[in-house]
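Heads up, the thing below is written out as structure tokens.
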Number of protein chains: 2
Amino acid sequence: MSLKHAILVLLETEPGSGYDLLKQFNSSVGYFWNAKHQQIYQQLKVLSEQELITFAIEKQENRPDKKVYKITNNGINELKTWISCPVKPNKVNDALLVKLYGGHLTNKENLITELQQHLDSHLKTQAYLKQVEQTFLNLPSDKKKKYQLPYLTLRRGILGEEAWIMWANESIEAIKK
Amino acid sequence: MSLKHAILVLLETEPGSGYDLLKQFNSSVGYFWNAKHQQIYQQLKVLSEQELITFAIEKQENRPDKKVYKITNNGINELKTWISCPVKPNKVNDALLVKLYGGHLTNKENLITELQQHLDSHLKTQAYLKQVEQTFLNLPSDKKKKYQLPYLTLRRGILGEEAWIMWANESIEAIKK
DNA sequence: TCTTGCATGTAAGTAGTTACATGATTCC
DNA sequence: GGAATCATGTAACTACTTACATGCAAGA
């Protein structure tokens, strides 16, 4: 259960609402964590009951009110404890590869079409991540130092997408022949 | 829910017991699917109730009896249907990156130690996958044709590990400085 | 008018993990 | 004597998804 820690880590960087967290999971940190709004709101409730976070209701004009959550000292301690314990290697469950493995049960066009669609979305993600990287690289060096570790996670996203794209191109070519 | 289809795909290639499937998930196809024995046995029960697979009890000497499952025609049809429908892109949830993102809450040595441990296990996996690749490449060309699609999934495993290893080396260097 | 974005939630169901449970054989 | 491999399962729990639910504002 690391959604808990993913939320704490994001709130440790900057306070925000459930909706703000959702946007981060759907974009900027989507290469390392994903969650639906239903899960996020539930977890925020649990975390605030455990007093790892607190919230203040912020009234807005022309928009619904929002609950702005921030991490507590307890929350920071919890994070520190968690960070110093080893995590298990990531579990891989990739349905696309299951399909490809059994791809002789369908035709080549079908496989290529699907690979191509996934490839398009990976290309978009990669372009986005590289753009974020550029923004980082143009920061003054003190800021760069500050964001060094998040930047390393971004690099993982970029290198991961790159490898995926290379593989997909290689595979599409191989299937065509 | 693709454990169902992962099992069907493996049984379509070759009949086997729950234990055989477990071994495959833990080694040869671990780069695309993972599951615990508890989940596998449960799913096998469900699949045989749905008549997508059947089993025969095989008596063994000096070993416990085993249930050897094989896919039925219904099972193959179910697989074909599933394979021709698009799958969603894979969800990423990587606790190690969460830790790194919040790595300023611990010390560098800690981060490097953990990265190094994960790196070791990725190096082992990569070496294993490359060895499997060599076995494939030494097959006669008719067999190569037959296993082309599973081989493409193996390539994904290899390229994925390669990218991970590159990233980890890059990151360890960056943190040291 | 219709879609997208903002903003939050509950309820029911599915998928996956952890803990518990057994028992023979083989290898160190 | 103890760990690893073979072989299968149940029960309780946690994590995650899908469906349901609301409502205003801005822009096309």
Side-chain angles (χ1 to χ4, degrees), chain A residues 1-8 15-28 30 32-50 53 55-69 82 85 87-95 98, chain B residues 1-8 11 15-27 30 32-50 53 55-69 82 85 87-95 98:
Chain A
M1 200 245 314
S2 292
L3 170 60
K4 173 177 173 174
H5 301 107
I7 289 175
L8 289 176
S17 64
Y19 196 79
D20 294 332
L21 293 170
L22 177 66
K23 279 187 293 178
Q24 287 185 72
F25 288 135
N26 286 338
S27 59
S28 58
F32 75 74
W33 207 268
N34 288 271
K36 316 244 166 179
H37 81 269
Q38 294 92 329
Q39 211 191 344
I40 295 168
Y41 288 120
Q42 263 174 28
Q43 197 57 228
L44 285 170
K45 198 179 162 189
V46 172
L47 292 176
S48 67
E49 279 164 9
Q50 296 175 345
I53 58 177
F55 66 90
I57 290 167
E58 193 178 289
K59 303 224 168 188
Q60 297 185 114
E61 276 177 33
N62 298 339
R63 283 188 189 183
D65 295 353
K66 63 176 174 177
K67 291 186 183 175
V68 179
Y69 290 89
W82 176 75
C85 298
V87 286
K88 289 183 221 160
N90 228 24
K91 216 188 120 173
V92 183
N93 290 93
D94 190 334
V98 175
Chain B
M1 203 245 313
S2 293
L3 170 60
K4 172 177 173 176
H5 301 107
I7 290 176
L8 289 176
L11 292 181
S17 66
Y19 196 78
D20 293 332
L21 293 170
L22 177 66
K23 280 187 292 177
Q24 287 185 72
F25 288 136
N26 286 338
S27 60
F32 76 72
W33 206 269
N34 289 270
K36 316 245 166 179
H37 80 270
Q38 294 92 330
Q39 211 191 345
I40 294 168
Y41 289 120
Q42 264 174 26
Q43 196 56 228
L44 285 170
K45 198 179 162 190
V46 172
L47 292 177
S48 66
E49 280 164 7
Q50 296 175 346
I53 58 177
F55 66 91
I57 291 169
E58 192 178 291
K59 303 224 168 190
Q60 298 185 113
E61 276 176 35
N62 298 339
R63 284 188 186 182
D65 296 352
K66 62 176 177 177
K67 291 187 183 173
V68 179
Y69 290 90
W82 176 75
C85 296
V87 285
K88 288 183 221 161
N90 228 26
K91 216 188 122 173
V92 184
N93 289 93
D94 191 333
V98 174

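Values in this document were obtained by computation on a predicted structure and should not be read as measured data. Reminder, nothing fancy here: chain letters follow the sequence lines and each chain counts from 1.
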Q.
Counting primed atoms plus P, OP1 and OP2 as sugar-phosphate and everything else as base, spell out the protein contacts along nucleotides 16-28 of chain D at 4.0 Å heavy-atom distance: B, S or - for each nucleotide, 5' to 3'.
A. SBBB---B-SS--
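When the P atom of D:dT5 is taken as reference, atom CG of B:D20 falls 15 Å away, rounded to whole Å. Taking atom CD on A:E61 and atom C1' on C:dC6, their separation rounds to 15 Å, with Å as the unit. In this structure, A:N90 atom CG and C:dG16 atom P are separated by 14 Å, rounded to whole Å. Residue B:E58 contributes atom CD, which lies 13 Å from atom C1' of D:dC6 at whole-angstrom precision. Counting to the nearest Å, the P atom of C:dA7 and the OH atom of A:Y41 are 8 Å from each other.
Under the 30°/60° scheme for interplanar angles, the aromatic rings of A:W82 and A:H5 are found to lie parallel.
The nearest pair of heavy atoms linking A:D65 to A:Q60 is OD1-N, 3.7 Å. Shown here for A:N34 and B:V92, the closest heavy-atom pair between the two residues is ND2-O, 2.9 Å.
With sequence neighbours excluded, the residues that form a side-chain contact (heavy atoms from CB on, under 4.5 Å) with B:S27 are B:Y128.
Looking only at side-chain heavy atoms (C-beta outward), B:L22 and B:Y41 stay at 4.5 Å or farther from each other.
Distances shown here put a side-chain N or O of B:Q60 below 4.0 Å from the OP1 or OP2 atom of D:dA7. Remark: B:K45 is in phosphate contact with D:dT10, judged by side-chain N or O atoms under 4.0 Å from OP1 or OP2.
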